[in-house]
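Reviewing the structure listed below.
Values reported hereafter were calculated over all heavy atoms of this structure, with side chains retained and with hydrogens, waters and symmetry mates removed. Order of the sequence lines sets the chain letters (A, B, ...), proteins ahead of strands, with each chain counted from 1.
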2 protein chains.
Amino acid sequence: MKALIDRIKREKGKILIFTHENPDADGIGSMLALYEFLKNEGKDVECAMKDPAPAILDFLPNIDKIKKLPNEKTYDLAILVDAAGAFRAGTKINAKEIIRIDHHIGGNKESNYDFIDTYAPSTTFLVAKILRYWNEEKINSNIATNLYTGLLTDTGSFRYNNVDDEAFEMAEFLVKKGADPTYIANMIYERNKLSTIKLLQLTLSTLKLYAEGKIASLIVERKYLHETGALEEETEGFVNYARSIDGVEIAFIMIQKEDPDLWRVSIRGKGNIDVREIAEYFGGGGHRDAAGCRIRGKKEEVLNKLVERAKQQLEKELNISYSTI
Amino acid sequence: MKALIDRIKREKGKILIFTHENPDADGIGSMLALYEFLKNEGKDVECAMKDPAPAILDFLPNIDKIKKLPNEKTYDLAILVDAAGAFRAGTKINAKEIIRIDHHIGGNKESNYDFIDTYAPSTTFLVAKILRYWNEEKINSNIATNLYTGLLTDTGSFRYNNVDDEAFEMAEFLVKKGADPTYIANMIYERNKLSTIKLLQLTLSTLKLYAEGKIASLIVERKYLHETGALEEETEGFVNYARSIDGVEIAFIMIQKEDPDLWRVSIRGKGNIDVREIAEYFGGGGHRDAAGCRIRGKKEEVLNKLVERAKQQLEKELNISYSTI
């Protein structure tokens, strides 16, 4: 960690902090925490990304400071947070050197200063470790709020299998530094739109189980968005209702795109089945427990393909035959 | 705390640990943690309660050791956990002395050894403090699991306004002592029944807003339970979907009892409105943010009464008139 900090300290030129396209709270929180800390250290620093921030993150300190990519600038140093490689920015970055700070499995090596810990609960956890090592005194409540938000969301409110005693130690530290856990949880989880609840109700009405209850499906047709006035981003997390059912090992949600024959699919597992292999079969990717892909076709056709491929995965990993189910 | 521990240490006779009727994870977790600790200290200890434990808590270590109240025994010492007074047991207790360990506001003083801290996130947090002071070494993974479960559930997975740095410090400690946060979260949150999701879908279809979106209602008719095969206890937490909507200050759910003209009502607030006053108006009670009552009447009649009383509370606390809405 010292070498990484020394490298950033040495930089007298222009620094960019950036994250992946379709950014989430962990990417944005990491970016904004690092941004304010480096700014306070007197660095010539900017943060930028390709897509706008989700509306739900409007409360994050300094969210209005994020600039838009691509831009024409050349940076002396770029710090990529929460992404498997600079390619994940979804646009070109002009930088003499890139450092990657991330907790995803695999991905690119960007430089000798990369800081990758795949056991970390969030990228903000890693940024927090760096900043505590650098100068704990300079972590203010803005920075703590950004860091805590990524920790909260990437652990599913301290429920996922990336939570350990160190995650709680970090949460304690960040609360002591001024992060307000109730305020942040309210901002993230208690500002649903009426349209989201209506869309959830329609989506839950599509719930189906297969393979003796080990597979669960949900479908969001485009017309549901029109009926409820909801945006596609409001489907975030819906797949977890299918996943949460006792006995379900593979849950997926099919979301119809503007092109009615194109479906965005999110697949979730509970640790027993590698759902990434299912996503990869359809040209997608992700993690063992959370993966995604896009599939072309009519609704029933896509649904059947997914269920069949999911059954194959169950057969392969649980050594049971579902061919007759 | 020392006096309390010394009092328990002194006791050579029969000890009962008990909690409130319709028990929850915090009451049961507190009871079981204290039970195993005192048993390991060589005490003649039992734990008992009036109602059976919710099925979802079947994973708690020693859950099968809980006995049923009432019984004919006389105890030398009874320790009441997570309840505002021995009356909350819902049945008679024969004990020479009762000690109360609790985090609820108000309630009875049972003895000079009571340990009440209304700022504690959970009663298991208080039991954990006692056991750490008593002998930290003797907190094993069974005890830690029971204590962590109460902390998790009573803070709504570290989201409610009772969470602070000390809650996270305690979570870290309990994880170090063997509580598995992912396993426990999965047991609590990832074992939904299919019937629960179906019931949720029907319940969400009843969502209505009033008073410019500041009041939200949900209704569970008895026939929904019959249609889905769900039990009434599966409605637990449903009211939070109404509460989670941006702008909602008062959310309530009406659950029809077997007697079709009797409704159990749960009311939730977001800190700005004292919903307990609404519940008290109808003869119920609770906390500022979470209260309940029972109301007799036809569906529309009860709904209208609740909405009108909720509007009055808004008018009183926000100084706005909703009489014309």
Side-chain angles (χ1 to χ4, degrees), chain A residues 56 152 155-177 179-209 213 216 218 240-248 270-271, chain B residues 56 148 152 155-177 179-186 188-209 213 216 218 240-248 270-271:
Chain A
I56 198 86
L152 178 76
T155 58
S157 203
F158 303 96
R159 293 180 190 179
Y160 294 164
N161 64 5
N162 53 4
V163 176
D164 58 10
D165 55 319
E166 290 185 273
F168 286 120
E169 190 280 332
M170 189 61 85
E172 181 197 2
F173 170 80
L174 294 172
V175 172
K176 281 182 171 162
K177 285 293 186 179
D180 180 336
T182 309
Y183 167 75
I184 296 170
N186 281 343
M187 290 294 111
I188 295 286
Y189 299 113
E190 303 281 340
R191 294 194 298 163
N192 280 326
K193 293 201 272 183
L194 179 60
S195 56
T196 308
I197 303 293
K198 286 181 172 171
L199 183 63
L200 174 62
Q201 189 259 318
L202 286 177
T203 305
L204 291 181
S205 72
T206 72
L207 177 68
K208 279 196 185 142
L209 298 188
L218 289 171
N240 291 325
Y241 289 90
R243 181 188 183 274
S244 77
I245 298 167
D246 196 20
V248 166
K270 282 180 178 166
Chain B
I56 198 84
Y148 182 92
L152 178 75
T155 58
S157 202
F158 303 97
R159 293 180 189 177
Y160 294 165
N161 65 5
N162 52 4
V163 176
D164 58 10
D165 55 319
E166 289 185 275
F168 286 120
E169 190 280 332
M170 189 61 83
E172 181 198 2
F173 170 80
L174 295 172
V175 171
K176 281 183 171 161
K177 284 293 186 181
D180 180 335
T182 309
Y183 167 75
I184 295 170
N186 282 343
I188 294 287
Y189 299 114
E190 304 282 337
R191 294 195 297 164
N192 280 325
K193 292 201 272 182
L194 179 58
S195 56
T196 308
I197 304 292
K198 286 181 172 169
L199 182 63
L200 174 62
Q201 187 259 317
L202 286 178
T203 305
L204 291 182
S205 72
T206 71
L207 177 67
K208 278 196 188 144
L209 298 188
L218 289 171
N240 291 324
Y241 288 89
R243 180 187 184 272
S244 78
I245 297 168
D246 196 18
V248 167
K270 282 181 177 167

| request: Count the heavy-atom pairs under 4.5 Å between each of B:Ala216, B:Ala171, B:Gly271 and chain A, then report the option with the highest count. | output: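 Between B:Ala216, B:Ala171, B:Gly271, the count favours B:Ala171.
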| said: Tell me which of these, B:Lys270, B:Arg243, B:Glu190, has more heavy-atom pairs under 4.5 Å with chain A than the rest. | reply: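 Heavy-atom pairs under 4.5 Å are most numerous for B:Glu190.
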Using heavy-atom distances under 4.5 Å, tell me whether [X] contacts chain B through its side chain, its backbone, both, or neither.
X	answer
A:Lys198	neither
A:Tyr160	backbone
A:Leu209	side chain

| Among A:Asn161, A:Thr196, A:Val163, A:Thr182, which residue forms the greatest number of heavy-atom pairs with chain B at distances under 4.5 Å? |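 Of the candidates given, the most pairs with chain B belong to A:Thr182.
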| said: Heavy-atom pairs under 4.5 Å with chain B - which of A:Phe158, A:Tyr189, A:Phe173 has more of them than the others? | reply: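 Looking at each option in turn, the highest pair count goes to A:Tyr189.
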Quick check for you: to the nearest 0.5 Å, what is the distance between [X] atom [atom1] and [Y] atom [atom2]?
X	Y	atom1	atom2	result
B:Glu166	A:Lys176	CD	NZ	8.5 Å
B:Arg159	B:Leu152	CZ	CG	10.0 Å
B:Ile197	A:Asp246	CD1	CG	11.0 Å

| task | Please look at B:Ile245 and chain A and tell me whether the side chain, the backbone, both or neither of the residue comes under 4.5 angstrom of a heavy atom of that chain. | result |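 For B:Ile245, heavy atoms of backbone and side chain both lie under 4.5 Å from chain A.
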| Hey, does the side chain of A:Asp164 reach the backbone of A:Ala167 with a donor-acceptor pair shorter than 3.5 angstrom? |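 Yes, because the side chain of A:Asp164 sits within donor-acceptor range (under 3.5 Å) of the backbone of A:Ala167.
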| Does a donor on one side chain sit under 3.5 Å from an acceptor on the other, for A:Asn192 and B:Ser244? |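 A:Asn192 vs B:Ser244: donor-acceptor pair found between side chains.
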| query | Can you tell if the side chain of A:Arg191 reaches within under 4.5 Å of the side chain of A:Ile56, non-hydrogen atoms only? | reply |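 Yes. Closest side-chain heavy atoms under 4.5 Å.
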